[in-house]
Amino acid sequence: MSHAASPAVAPEGINAAAVTAWLAEHAAARPPLAFSLVEAGHSNMTFVVTGACGQRWVLRRPPLHDVLATAHDMGREHRAIAALHPVGFPVPRPLGLCSDPDLNGAPFYVMDYVDGLVLRDAEQARGALDVPTRRRLSRSLVEVLARLHAIDIDAVGLGDLGRREGYVARQLRRWLQQVEAAPAPERPDIRAVHDHLAARIPEQGTAGIVHGDYRLDNCIVGHDGSVRAVLDWELCTLGDVLADVAMLLIYWSEPGEGAQALDNAPTAVAGFWSRAEVLEAYEDASGRPVASIDFYLAWAAWRLACIFVGVQARYIAGAMGAKAPAEGIESFARRIDGLMERAAHHAARVP
């Protein structure tokens, strides 16, 4: 008698029978398996898989109706963590990549489940960690990022993951093109900030691994304030690592701030470092100069606004599954406006 889970009870995006057979072969999973969609997240779909004996794994796959195909490369994500895990960088252990789209409707990969906290809002941060632990977590986030940027890309086999030079210029072109291609209202301010920054790109330093979306809620953290695993490598590439620093700072909200990139951001709770402390600590840990940070902050706010335009379009199209919250669409519109205000503010400081 088969013990495979019925496809009828699996979440949208999972062919339970096929994935169960694949996991039995590649992870020694014992059926029946239960699949649950992680509700948080606005791009690739993340599922927790639980086996008959209580083992847990994590499966990642693209959205159901992918409109920005280059942003959802499962092979790239899997390759990144497969290179970083053996050198001790905090990522989940990868278990395998299925590149056959016929098996589950799209390529996917599976990795170990890492136990810990994912702090997505202020209430979670306040309830889970005391003030001294929040400060320790601030330091850990910065030190892990500096550690990523210090990795020898050739030594870990990622030297051909992407072009090393011209990262910011390519990013400006890419996200402008994707905004203009998305079924969304026109935003002339996006074009204006793009043109201002494209004419003022600083000279890039030594190329390193760029995570592309490094922030607190893309990490699993321990109750001791340590980063246990860095997640969501879908935008990982090579290039100007100051882009990661700027993205972290754009996401990083301080207590009492109005407009935030993330609704109810966890870093707005007392105890987390200020953005100035984060920047100073990164400069100390990495040894990299950050004098041109206003350019990167303008670029990061602009880029995140572009990403949110695409995410908003996918929500409207139903690409995140039938249960994607429609009320989130208005939130994205507010955040896009706030981010473009920040982008214009920092861009005006770039001579």
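Heads up: numbering here begins at 1 and tracks the sequence.
In this structure, P94 and H85 have side chains that are in contact, with non-hydrogen atoms separated by less than 4.5 Å. Side-chain contact between Y296 and V168 is present, with at least one heavy-atom pair separated by less than 4.5 Å. Contact of the L84 side chain with the L148 side chain is registered, since non-hydrogen atoms from C-beta on lie closer than 4.5 Å. Using a 4.5 Å heavy-atom threshold, the side chains of F108 and M45 count as separate. Between V58 and P92 the shortest side-chain heavy-atom distance does not fall below 4.5 Å. Under the 4.5 Å side-chain criterion, counting only non-hydrogen atoms from C-beta, H223 is in contact with L117.
Judged by distance alone, the side chains of S138 and R135 never bring a donor and an acceptor atom under 3.5 Å apart. No side-chain N or O of Q204 forms a donor-acceptor pair with one of Y167 less than 3.5 Å apart.
Relative orientation of the F272 and W252 rings is perpendicular, given thresholds of 30° and 60° on the angle between their planes. By the 30° and 60° cut-offs, the orientation of the rings of H26 relative to W22 is parallel.
For the pair R342 (side chain) and I250 (backbone), a donor-acceptor distance under 3.5 Å is present. The backbone N or O of L176 lies less than 3.5 Å from no partner atom in the side chain of H194, so there is not a single donor-acceptor pair. Judged by distance alone, the side chain of E143 and the main-chain N or O of A285 form no donor-acceptor pair under 3.5 Å. At distances below 3.5 Å, not a single donor-acceptor pair connects side-chain atoms of D294 with backbone N or O atoms of H346. In this structure a side-chain-to-backbone donor-acceptor pair under 3.5 Å is present from D244 to G212. Side-chain atoms of S140 do not come within 3.5 Å of backbone N or O of R136 as any donor-acceptor pair. With R164 contributing its side chain and L238 its backbone, the two residues share no donor-acceptor pair below 3.5 Å. The closest donor-acceptor contact from the side chain of R30 to the backbone of G51 lies at 3.5 Å or more, if one exists at all. Without hydrogens or angle criteria, R288 side chain to Y282 main chain gives no donor-acceptor distance under 3.5 Å. The backbone N or O of H211 lies less than 3.5 Å from no partner atom in the side chain of W233, so there is not a single donor-acceptor pair.
Residues I201 and V350 share a single hydrophobic cluster, defined by chaining ILVMFWY side chains whose heavy atoms lie under 4.5 Å apart. Residue V38 is not grouped with residue L231 when hydrophobic side chains (ILVMFWY) are merged at heavy-atom distances under 4.5 angstrom, including chains of intermediate members.
Salt-bridge check for R191 with E186: failed, with every basic side-chain N at 4.0 Å or more from each acidic carboxylate O. Remark: R60 engages D232 in a salt bridge, criterion side-chain N to carboxylate O under 4.0 Å. With respect to the salt-bridge test (charged N to carboxylate O, under 4.0 angstrom), the residues D240 and R170 do not qualify. A salt bridge is absent between D73 and R79; no separation between the charged side-chain nitrogens and carboxylate oxygens falls under 4.0 Å.
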Before giving the answer on salt bridge (Lys or Arg N to Asp or Glu O under 4.0 Å), spell out for R303 and D213 the whole-Å C-alpha distance, their side-chain angles and the decisive distance to 0.1 Å.
CA-CA 11 Å; R303 174 182 184 258; D213 200 21; 5.4 Å; no
With side-chain contact (heavy atoms from CB on, under 4.5 Å) as the criterion, how do D112 and L95 come out once you've worked through the C-alpha distance, each side chain's angles and the decisive distance to 0.1 Å?
CA-CA 7 Å; D112 276 346; L95 298 176; 3.6 Å; yes
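Counting non-hydrogen atoms of neighbouring residues, nucleotides and ligands closer than 6.0 angstrom, the CZ atom of R187 exceeds 12 such neighbours. The 12-atom threshold is not exceeded at CD of E280, counting heavy atoms of other residues, nucleotides or ligands nearer than 6.0 Å. Atom CZ of R139 sits in a sparse spot, with 12 or fewer heavy atoms from other residues, nucleotides or ligands closer than 6.0 Å. The 12-atom threshold is not exceeded at CZ of R93, counting heavy atoms of other residues, nucleotides or ligands nearer than 6.0 Å.
Residues L262 and R335 share a closest heavy-atom pair of CA-NH1, 4.0 Å.
Rounding to the nearest 0.5 Å gives a distance of 13.5 Å between CG of N264 and CZ of R120. For the atom pair CG (D154) and CG (D160), the distance works out to 9.0 Å, reported to the nearest 0.5 Å.
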